[in-house]
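The figures that follow rest on heavy atoms only: side chains count, while hydrogens, waters and symmetry mates do not.
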Amino acid sequence: MNSLSNLPAVLVLEDGRIFRGRSYGKVGTTLGEAVFTTGMTGYQETLSDPSYAHQIITQTFPHVGNTGVNDEDAESTRMWAAGYVVREASRRPSNWRSQRSLEDDLIANDIVGIRGVDTRALTRHLRDAGAMKAGIFSGDDASATDAQLIAAVNAQPSMEGRNISAEVSVDQAYIVEPAEHGYDGAVKYTVAAIDLGMKSMTPHRLAERGLRVHVLPYNATLEDILATGADGVFFSNGPGDPATATTQVELVRSVLDANIPYFGICFGNQILGRALGLDTYKLRFGHRGINQPVLDKATGKVEITSQNHGFAVDAPLEGSFTAPESRFGQVEVSHFSLNDQVVEGLNCLDIPAFSVQYHPEAASGPHDAAYLFDRFVSAMDSAAEKDAK
């Protein structure tokens, strides 16, 4: 049976709330925004999701690490979380796919964590007070005074007003071919996918539908997109405040002006909103988990979705409206959250552009929203038919 560290650890919140436990993962200090995620499974995908950069993740599920870690399920090349908080850590993984323990991976990725925390009390506190600055201090670092630890936590920058895309985006462009993901027909279309913190399953979902995907870095230009011969443009999920993504907003406006079909998810939804002239705002504690209910207004169906976002688009839920950037015509909210009525999708009625605030690639999570990739293909079908006339 694997032994877990008995070194002391402490989780400190900016409002002075302190939770004590034991070290889990790397020993030392980490700072970030304290958030919680409600998924019962998928901790490996969660930790490797670039959207969690600079965030300390609290798992609401009480027992974590049971199935270990493998080389296939990671959603990027590393773990991006700033820190990790669990109630009970598994001492020994038990799964036929497991290659090592979760703690081994936390240590290998320099992730400072804490176990033995009352995560139910912590989550209730974050729901009431909102996501906030936090720090985990373990080993010798945990011996500082409470006042010193609280001061260290409050000295870090806030997530609001922070631009992180450059940290998590791919360095060099690369291509994902349909044949690499089980598609045996001719390539249907070419897509330029802007990586703002994209999960690896996303180009997989596009490619398995016959799309050749050119993954481009966060600072790609319209010229870069056109050079790929793109029939459609995709903007990925990612961390940070969309109000700081001025360059990406202007790029989306150029794409919309060129009438190239656009599909965005998560951060890509917020960027479309801002490109249309809408505002975005920071949610109190965000939506994070794989069990978030969303209503599709067009069909009346409820989708259970995978989400990870702390910001949202401000738009009226009912009817259609003229985009504040009026050249883009009429817009409607296509989906909204059944938990708190937050905007979960936008649909442009006069141009080929739509987006959702959640993760239809669902790694991990349910596949209720996979049809959205097919909808993107249909948008490119329609554009091709118009060009042929």
Worksheet entry | Beyond-backbone contact of Met380 with Lys188, side-chain heavy atoms, under 4.5 angstrom | no
Consider only side-chain N and O atoms of [X] and [Y], and report whether a donor and an acceptor are under 3.5 Å apart.
X	Y	result
Ser337	Asp340	yes
Asn70	Gln99	no
Glu303	Thr305	no
Arg17	His125	yes
Gln59	Tyr84	yes
His335	Gln357	no
Gln148	Thr145	yes
Ser378	Asp381	no
Tyr43	Asn66	no
Asp350	Gln330	no
Thr280	Asp314	no
Thr67	Asn95	no

Look at the side-chain heavy atoms of Ile, Leu, Val, Met, Phe, Trp and Tyr, link any pair under 4.5 Å apart, and say whether [X] and [Y] land in one connected group.
X	Y	value
Val342	Leu338	no
Leu278	Val356	no
Ile225	Ile271	yes
Tyr24	Leu11	no
Tyr174	Val213	yes

Electrostatic pair [X]-[Y], nearest N-O below 4.0 angstrom:
X	Y	value
Glu160	Arg162	no
Asp368	Lys301	no
Arg20	Asp146	yes

Between [X] (side chain only) and [Y] (backbone N and O only), is there a donor and an acceptor less than 3.5 Å apart?
X	Y	result
Arg209	Arg205	yes
Ser169	Leu196	no
Ser76	Ser48	yes
Arg22	Asn6	yes
Gln156	Ala134	yes

If you take all heavy atoms of [X] and [Y], which pair is closest and at what distance?
X	Y	result
Ala353	Leu256	CB-CD2, 3.6 Å
Ala142	Leu149	O-CD1, 4.5 Å
Asn237	Gly197	ND2-O, 2.9 Å
Ile111	Gly83	CG2-CA, 4.1 Å
Ser23	Lys26	OG-O, 4.1 Å
Ile56	Leu31	CD1-C, 4.2 Å

Worksheet entry | Verdict with reasoning, Glu88 to Arg115, per salt bridge (charged side-chain N to carboxylate O under 4.0 Å, His left out) | CA-CA 6 Å; Glu88 196 73 32; Arg115 64 182 178 86; 5.7 Å; no
Discussion item. Students often mix this up, so state it plainly: with edges at 30° and 60°, are the rings of His309 and His287 parallel, tilted or perpendicular?
Written reply: perpendicular
Practice prompt. Give me the ring orientation class for Phe234 and Phe376: parallel if the planes are under 30° apart, tilted from 30 to 60°, perpendicular past 60°.
Written response: tilted
Roughly how far apart are [X] [atom1] and [Y] [atom2], rounded to 0.5 Å?
X	Y	atom1	atom2	result
Asp231	Thr190	CG	OG1	5.5 Å
Glu332	Asn347	CD	CG	4.5 Å
Arg120	Thr58	CZ	OG1	14.5 Å
Ile57	Asp49	CD1	CG	8.0 Å
Glu103	Ser90	CD	OG	10.5 Å
Leu272	Leu276	CG	CG	4.5 Å

Item to complete: Could you tell me whether Phe235 and Tyr262 have their ring centroids closer than 6.0 angstrom?
Response: yes
Discussion item. For the residue pair Arg375 and Phe354, would you count it as a cation-pi contact if the rule is NZ or CZ under 6.0 angstrom from the ring centre and within 45 degrees of the ring axis?
Written reply: yes
Discussion item. Lys199 and side chain to side chain donor-acceptor pair (under 3.5 Å): which single residue from Glu45, His204, Glu75, Glu361 fits?
Written reply: Glu361
Worksheet entry | Passing candidate, side chain to side chain donor-acceptor pair (under 3.5 Å) with Thr38, options Asn291, Thr60, Thr123 | Asn291
Item to complete: Look at atom CE of Met201 and say whether more than 12 heavy atoms of other residues, nucleotides or ligands are closer to it than 6.0 Å.
Response: yes
